[in-house]
Engineer: 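This is the structure I want to talk about, given as structure tokens.
Basis for what follows: all heavy atoms, side chains included, without hydrogens, waters or symmetry-related copies.
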There are 2 protein chains.
Amino acid sequence: MKFKIDNVSNYLKTNDIKPSYQRVKIFEYLIKHRNHPTVDMIYKELALEIPTLSKTTVYNTLKLFVEKNIVIVINIEDNETRYDADTSFHGHFKCRHCNEIYDFKVEMPFIKDLDGFEVNEYHFYLKGICKGCK
Amino acid sequence: MKFKIDNVSNYLKTNDIKPSYQRVKIFEYLIKHRNHPTVDMIYKELALEIPTLSKTTVYNTLKLFVEKNIVIVINIEDNETRYDADTSFHGHFKCRHCNEIYDFKVEMPFIKDLDGFEVNEYHFYLKGICKGCK
DNA sequence: GTATCTGCAAAACATTTGCAATTCT
DNA sequence: AGAATTGCAAATGTTTTGCAGATAC
């Protein structure tokens, strides 16, 4: 995990994001849980302490975080978009039994056939059964 | 590319799929175009020669192909599911300018942290700008 | 006081479901 | 005829959009 953020508000400012109450809470959720949540997971939990929170705000905020490159999108499943505040290169494994997503370290592989291409994003996804579910 | 299929009907039979007219046409589309299409792309083109074709059939058929392991799902983008009849391990690069998806060869990387996990699916996705769009 | 941000309601899409009609053997 | 397949229409679920009210500087 690349980060150790003790002041979320400052971290957002550093990345050109005005730290509203909702934005701070949403980012805190991401770095506290590190569970690669869906919009719905974030919304359901934060709505408990922020009763006025709307899903639109969660969508808006995550979109902003992605634009500012402090959050990446995980498209490991076709019916749910997940988010990760760890933007360093690492792989994601999804267990199709417990649906948990695990991070794993992986060396950047050597890529053929893409001479002259400009690559900005790398995603390495695995699926299977995790140790605990076997 | 792993395959050289000269008789789609037999290929489907070999994989335990009854070769209906629609199924053969859809699989032929996949191996002829090799453009990692969305459901909509397949539907729009095939509807020209099969006026009665429905999108539901395209969805049903692709789902069946995926279950029978002759087609894989590509989730490189969160708002569109794409399909590929080449089930061998290879990477996918999406150009965010022309939206084209390119195949590329890549060595299977060495994975740490997943001892005891059973891995069944591997997906390696890159995004950026392709040679032609630079 | 002006910009921005939030959140409701509606709209837009992609995908799935239920079921009746069609096709195949 | 019986079983499987197709395709329409409706339902579902997720994400986006438009806009009005709230908040921040």
Side-chain angles (χ1 to χ4, degrees), chain A residues 8-10 12-13 15-29 36-68 70-83 94 99 101, chain B residues 8-10 12-13 15-29 36-68 70-83 94 99 101:
Chain A
V8 169
S9 195
N10 281 342
L12 295 183
K13 277 182 203 160
N15 287 280
D16 194 29
I17 296 167
K18 286 185 191 154
S20 75
Y21 180 68
Q22 288 86 342
R23 289 170 178 174
V24 170
K25 284 292 187 183
I26 291 168
F27 197 79
E28 278 176 356
Y29 178 100
H36 317 87
T38 61
V39 163
D40 203 59
M41 288 162 72
I42 299 171
Y43 172 74
K44 282 219 174 77
E45 174 146 341
L46 291 185
L48 297 174
E49 35 170 339
I50 316 170
T52 59
L53 184 67
S54 83
K55 250 187 200 180
T56 301
T57 297
V58 182
Y59 276 108
N60 287 341
T61 302
L62 289 170
K63 191 180 177 188
L64 178 66
F65 288 171
V66 171
E67 279 167 13
K68 299 297 186 185
I70 64 169
V71 162
I72 57 169
V73 171
I74 302 175
N75 284 319
I76 199 166
E77 211 67 76
D78 54 358
N79 55 351
E80 58 177 27
T81 302
R82 287 167 169 267
Y83 298 89
K94 175 160 181 179
N99 292 321
I101 293 184
Chain B
V8 168
S9 194
N10 282 342
L12 296 182
K13 277 182 201 160
N15 286 281
D16 195 29
I17 296 167
K18 286 186 190 151
S20 76
Y21 180 68
Q22 288 85 343
R23 288 171 179 173
V24 169
K25 284 293 187 182
I26 291 169
F27 197 79
E28 278 176 356
Y29 178 101
H36 318 88
T38 60
V39 163
D40 204 57
M41 288 162 73
I42 299 171
Y43 172 74
K44 283 219 175 77
E45 174 147 340
L46 291 184
L48 297 175
E49 32 170 341
I50 316 171
T52 59
L53 184 68
S54 84
K55 249 187 201 180
T56 302
T57 297
V58 181
Y59 276 108
N60 287 342
T61 301
L62 289 170
K63 190 179 179 190
L64 179 67
F65 288 170
V66 171
E67 279 166 14
K68 299 297 186 183
I70 62 168
V71 162
I72 57 169
V73 172
I74 301 175
N75 283 321
I76 200 167
E77 210 67 76
D78 55 357
N79 56 351
E80 59 176 25
T81 302
R82 286 168 170 264
Y83 298 89
K94 176 160 179 178
N99 293 321
I101 293 184

Engineer: Is the shortest distance from a Lys or Arg side-chain nitrogen in B/Arg23 or B/Glu28 to a carboxylate oxygen in the other one below 4.0 Å?
Structural biologist: no
Engineer: Measuring from atom CD1 of B/Ile17 to atom CG of B/Leu64, what distance do you get when rounded to the nearest 0.5 angstrom?
Structural biologist: 4.5 Å
Engineer: Rounded to whole Å, please give me the gap between CG in A/Asp16 and C1' in C/dT4.
Structural biologist: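 Answer to the nearest Å: 14 Å.
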Engineer: Keeping to residues at least two apart or across chains, list the side chain to side chain donor-acceptor pair (under 3.5 Å) pairs with something in residues 56-66 of chain A.
Structural biologist: A/Ser54-A/Thr57
Engineer: In Å, rounded to the nearest 0.5 Å, how long is the span from CG of A/Asp78 to CD1 of B/Ile76?
Structural biologist: 14.0 Å
Engineer: Give me, pair by pair, the N or O atoms of the protein and of nucleotides 23-25 of chain C that are less than 3.5 Å apart, along with how far apart they are.
Structural biologist:
none

Engineer: Looking at A/Glu77 and A/Arg82, is any side-chain nitrogen of the basic one under 4.0 Å from a carboxylate oxygen of the acidic one?
Structural biologist: no
Engineer: To the nearest Å, how far apart are A/Leu62 CG and C/dT6 C1'?
Structural biologist: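 Whole-Å distance recorded here is 15 Å.
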Engineer: Can you tell me how far CD of A/Glu80 sits from CG of A/Asn75, rounded to the nearest 0.5 angstrom?
Structural biologist: 10.0 Å
Engineer: Can you measure A/Asp78 atom CG to C/dT15 atom P for me and round it to whole angstrom units?
Structural biologist: 7 Å
Engineer: Once rounded to the nearest 0.5 Å, what's the spacing between atom CD1 of B/Ile42 and atom OH of B/Tyr29?
Structural biologist: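 Between atom CD1 of B/Ile42 and atom OH of B/Tyr29 there are 6.5 Å.
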Engineer: Can you measure A/Lys63 atom NZ to C/dT6 atom P for me and round it to whole angstrom units?
Structural biologist: 14 Å
Engineer: I need the CD-C1' distance between B/Glu77 and C/dT15, as an integer number of Å.
Structural biologist: 18 Å
Engineer: What is the distance, to the nearest angstrom, from the CD1 atom on A/Ile17 to the P atom on D/dA24?
Structural biologist: 18 Å
Engineer: With both distances under 3.5 Å as the test, what is the Watson-Crick or G-U wobble partner of C/dG1?
Structural biologist: D/dC25
Engineer: Using the purine O4'-C1'-N9-C4 or pyrimidine O4'-C1'-N1-C2 torsion, is D/dA3 syn (within 90° of 0) or anti?
Structural biologist: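 Classified anti.
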Engineer: Please report, rounded to the nearest Å, how far the P atom of C/dC5 is from the CG atom of A/Leu12.
Structural biologist: 12 Å
Engineer: Should A/Lys25 and A/Glu45 count as an ion pair when the cut-off is N to O under 4.0 Å?
Structural biologist: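 A/Glu45 and A/Lys25: not salt-bridged.
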Engineer: Looking at NZ of B/Lys94 and CD1 of B/Ile74, how far apart are the two atoms once the value is rounded to the nearest 0.5 Å?
Structural biologist: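 That separation rounds to 10.5 Å.
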Engineer: What string of B, S and - do you get for nucleotides 7-14 of chain C 5' to 3' if you count protein non-hydrogen atoms under 4.0 Å?
Structural biologist: BBB----S
Engineer: Rounding to an integer number of Å, can you tell me how far B/Asn75 CG sits from C/dT15 C1'?
Structural biologist: 13 Å
